[in-house]
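Residue numbers begin at 1 in each chain, while the letters A, B, ... track the order of the sequences.
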Amino acid sequence: MKRLCLLIIPVAFSLFSCQVALGVERFPPPDFESGHQLPQTTYPPAREGVYEYIDVAVLLGALSLSSYLVLRRRSRREIFALMLFSLLYFGFWRKGCICPVGAGQNIVLSVFDSSYAVPFVVVLFFLLPLVFTLFFGRTFCAAVCPLGAIQDLVVLKPTAVPFWLESTLRLLAYLYLGAAVLLAATGSAFIICRYDPFVSFFRVSGNLNVLIIGACLLVIGVFVGRPYCRFLCPYGVILRQLSRVSKWRVTITPDECINCRLCEDSCPFGAIRGSTTDWPKRDYNKSKTRLAVLIILAPVLALSGALATRTASGWLSRAHPTVRLADRVYLEESGKVADTTDASLAFRGSGKPIEELYTDASNIQAKIGLGSLIFGVFIGLLIGVKLIKHSIRWHRTGYEADRASCLACGRCFDYCPREQVRLKKIKEGAEGGE
Amino acid sequence: MAENKNNITRRNFVKGGIRGGFLAGLGGLVGALIGKTAKTHTVWQIDPEICIACGNCATHCVLEESAVKCVHAYAVCGYCDLCTGYLMPEAKELDTGAENELCPTGAIKRTFVEDPYYEYTIDESLCNGCGKCVKGCNAFGNGSLFLQVRHDRCLNCNECSIAAACPSGAYKRISIDEPYLPKKVGRA
Ligand code: SF4
Ligand code: SF4
Ligand code: SF4
Ligand code: SF4
Ligand code: SF4
C-alpha cells in the first residue's frame, strides 16, 4: 500500500494542476486489521442558540423599563443605570450583534430576495423599538441601544451645533439609510454592520479602519453629544419620524412651562426648542414668497437628486461581489491585466460560463441603477421638505423637547424648577406617610 | 383659548391617525414576512465543496483568533503515509521535521496506526484556519481536511466579515439546528 501511494502521488501531481478538485476518493479509506476505531469529528453546537429568546425578553424588559423611567419616574440617574446595563448586556456581553439598527437590513433582504428567510428573532429586534417609539418616544435611544449608550458615556463638554449645520449633517443619516437599503435589497452587502463604529469596542477586536472611525467618533463625542446618533444612525432616522406622532412624549417640565429658560442649554443634543414670538408682518410675507419658490423648486431638487445618485450608482454597485467579479474577469479576458485573483480563479474553477456571469452582473447593476434613481428622488424631495420646514414658523408657548430629536436621556428634567417642586412634594408625601 | 384647545385636539387626532397608519404598516410588514420568517436563527458556514482554501479565513474574521478551523472527516481520509495535507509537496525526505510540515503552526498530529496507515488529527487550539493543509489534501488526497466555522467560537455576526471577503462565495447562512456542512463519505 505504501508503494501504491508513492506511485500514485507523482501521477496525481501531473494530472491535477494547481486547481482544487474535491470529493475525489483517490485512496480508498482503509480497513484496519488491528480493529482501529475512527475518531469522531466533534461539532460543537452554536452558542447563539441559548440566547435567542433571552435576548428578545431582555430587549422587551429594557424597553418597558426605559419608557417607565423616562415618562413616569423622570429620573436621570435610573435611566443612566439602565443604560449602563444595556451597554454591558447588549454591547459587551452579547457583542453588539444582532442589534435593531442592523436588523432592518435583514428585513429588506428578505423582502427582495425570495431565498432568504429572516429569523423571527431578528424581526422582533427590528420591530419592538419601533412600536415602543410610536407610544413612548425614543426611549430605545435613551437607555437600550448599546451604540447610543457608549456615546452617552463620553458626553463631557457638549457644545451647541448651529441649527442649520445640525440639519444639514443629518442628511448623512438619510444617505446612509438609503444606501444601506439599496445594498441590502440587492444582496450586495450589509454596510450598517460592516461599518458599525462601536462593535469593535464591544468585541475588543476587529477591522482596524473601523476601530479608528469608532475612536474618532468617541473623541468627537466628547464635544458634540452622540454624533453617530444625530448625524449617521440610519435607524434613528426611522425613529425620528415615528417619535413625531408618539402617543406620549418626553416633556421637560412635569406640568407647565413657566418660561424661566433655565433648561434652555441643558440638552447636549440640541433637542430643546424655545417658545416663539409672533413674526413681524414683513418676515411673514418674505417667508410666504420663499415657500412658494421652494414648492415650485421641489421637482428640480428631485431631479438633481436623481442625477447625482445615478452617477454614484456605478460606484455603489461595486459593493456587490458578482459585479466586482465580472469587472475583474472582463479585465482578464480583454487582456488588460495579466495576473489573476483568487476570486477569478475560483470562478474559472467552478465551470460557470462567463456569459452567465456578465448577465448576472448587468442584472444586478440595472437593479442598483433603478434603486438609486428612486433613492435620489427621495433625497432631493427630502432636502426640499427640510427647506420648507425651515420657512414655516412653528408656534410654541413654552420650552419643549423636540419630538424627533429628543433622545429621552432625561438630562433636562432636573433643570426645571417645576420638577424641583414635584420632587419636593413626593419627598414630603413620603415623609408624611411615615 | 377655546380655539387653541380645538387646535390641539385636532392635532392629536391627526397624530393618532398617523400613528395608527404606522402601526398598521408595521403589522402589514410582519404579516407579509410571516410566511418567510425562519423560526430559528441562522449561522454562517462554509460549503467545503466551494471553498478554495484561499487563506482569507485566517485573516478576515473579526476575532483575533479566527473562528474558522480545519476539521478532519476521518471516514473520508485515506490514512496515507505520504499525506499531501501534512507534508510540503517538495519535502525531500519522508520525516516529520517541522521544515517538512505544511501546517505553519504545527497543528496537525501524525500518529502511526498500522502499516502503512497514519492518522492525522488537528489540534484546534493551534490551528489558525489558514487552509494550507486543506489545499494540499484537496489537490492530491481525498479531501478529508476541510474548513468549518466553529460555532463555539463564532460570534455569528450579522454580516460575517470573512463571507464578505471570500473569493469563492463559499459562505452560506444555514439553520442553527444543523450548523455544519461536513464532508460526506460519498464515493466519487
Ligand atoms: S440614534 Fe441610533 S445609535 Fe443612537 S441610540 Fe438611537 S438607535 Fe441607537
Ligand atoms: S431628555 Fe432633555 S436633555 Fe435629553 S435629549 Fe431630550 S430634550 Fe435633550
Ligand atoms: S475565504 Fe472562502 S475560499 Fe477562502 S478559505 Fe475561507 S471559505 Fe475558503
Ligand atoms: S494548515 Fe492551516 S488550516 Fe490546516 S491545520 Fe494548520 S493552521 Fe489549520
Ligand atoms: S461570523 Fe464573525 S466571528 Fe464568525 S467567522 Fe464570520 S467574522 Fe468570524
If you round to the nearest 0.5 Å, how far is CG of B:N56 from CG of A:D342? 6.5 Å
Where A:A117 and B:T37 come nearest, the two heavy atoms and their spacing: CB-C, 4.3 Å
Sub-3.5 Å donor-acceptor pair from the side chain of B:N142 to the main-chain atoms of A:F27, do we have one? yes
Could you walk me through whether A:V122 and B:H41 pass the side-chain contact (heavy atoms from CB on, under 4.5 Å) test, one step at a time? CA-CA 8 Å; A:V122 175; B:H41 252 315; 3.9 Å; yes
What part of A:R324 gets closer than 4.5 Å to chain B, counting heavy atoms only: side chain, backbone, both or neither? side chain
side-chain hydrogen bond (donor to acceptor under 3.5 Å, both in side chains) between A:S205 and B:E64, worked out: CA-CA 6 Å; A:S205 79; B:E64 210 55 67; 4.8 Å; no
Hey, is CD on A:Q241 packed in by over 12 heavy atoms from elsewhere, all under 6.0 Å? yes
Mind checking which of residues 15-27 of chain B sit less than 4.5 Å from chain A, heavy atom to heavy atom? B:K15, B:I18, B:R19, B:F22, B:L23, B:L26
What are the two closest non-hydrogen atoms of A:A346 and B:P167, and how far apart are they? CB-O, 4.2 Å
First locate atom NE2 of A:H36, then atom CD of B:E114, and finally report the distance between them rounded to the nearest 0.5 Å. 8.5 Å
Taking every non-hydrogen pair under 4.5 Å, which of A:G206, A:A103, A:G102, A:S110 racks up the most with chain B? A:S110
Listing request: all ring-ring contact (aromatic ring centres under 6.0 Å, His included) pairs with a residue in residues 98-124 of chain A, at least two apart in sequence or in separate chains. none
CG/A:L127 to CG/B:L29 distance, rounded to the nearest 0.5 angstrom? 6.5 Å
Of all residues at least two apart in sequence or in a different chain, which pass the salt bridge (Lys or Arg N to Asp or Glu O under 4.0 Å) check with A:D360? A:K352
A:V118 side chain near B:K36 side chain, heavy-atom distance below 4.5 Å: no
Let me know if A:D196 has heavy atoms under 4.5 Å from chain B in its side chain, its backbone, both or neither. neither
Measure the shortest side-chain to side-chain distance between A:Y43 and B:P182 over non-hydrogen atoms and say whether it is less than 4.5 angstrom. yes
Between B:L63 and A:R203, is there a side-chain heavy-atom distance shorter than 4.5 Å? no
Please determine whether side-chain hydrogen bond (donor to acceptor under 3.5 Å, both in side chains) holds for the pair B:R150 and A:T42, giving the CA-CA distance in whole Å, both sets of side-chain angles, and the decisive distance to 0.1 Å. CA-CA 10 Å; B:R150 301 300 273 174; A:T42 57; 3.2 Å; yes
What do you reckon, is CD of A:E356 surrounded by more than 12 foreign heavy atoms closer than 6.0 Å? yes
Engaged part of A:K95 at the chain B interface, taking heavy atoms whose separation is under 4.5 Å: side chain
Honestly, the part of B:S168 sitting under 4.5 Å from a heavy atom of chain A is both
In terms of heavy-atom proximity below 4.5 Å to chain B, should A:P321 be classed as side chain, backbone, both, or neither? neither
Flag the one option from A:S34, A:C193, A:S246 with the top tally of heavy-atom pairs under 4.5 Å to chain B. A:S34
A:R403, part contacting chain B, at a heavy-atom distance under 4.5 Å: side chain
Give the member of B:N158, B:D152, B:I34 that has the highest number of heavy-atom pairs under 4.5 Å with chain A. B:N158
For the CG atom of A:N207 and the SG atom of B:C61, what is their distance to the nearest 0.5 Å? 12.0 Å
With a cut-off of 3.5 Å and sequence neighbours excluded, list every side-chain donor-acceptor pair involving residues 72-80 of chain B.
{"unit_1": "B:H72", "atom_1": "ND1", "unit_2": "B:Y120", "atom_2": "O", "d": "2.7"}
{"unit_1": "B:H72", "atom_1": "NE2", "unit_2": "B:S144", "atom_2": "OG", "d": "2.9"}
{"unit_1": "B:Y79", "atom_1": "OH", "unit_2": "B:E119", "atom_2": "OE2", "d": "2.7"}

Separation between SG (B:C157) and CD1 (A:I98), nearest 0.5 Å, reads 10.5 Å
If you count heavy atoms of other groups shown closer than 6.0 angstrom to CZ of B:F13, is the number above 12? no
Of all heavy-atom pairs between A:F190 and B:R173, which one has the smallest distance, and what is that distance? CE2-NH2, 3.4 Å
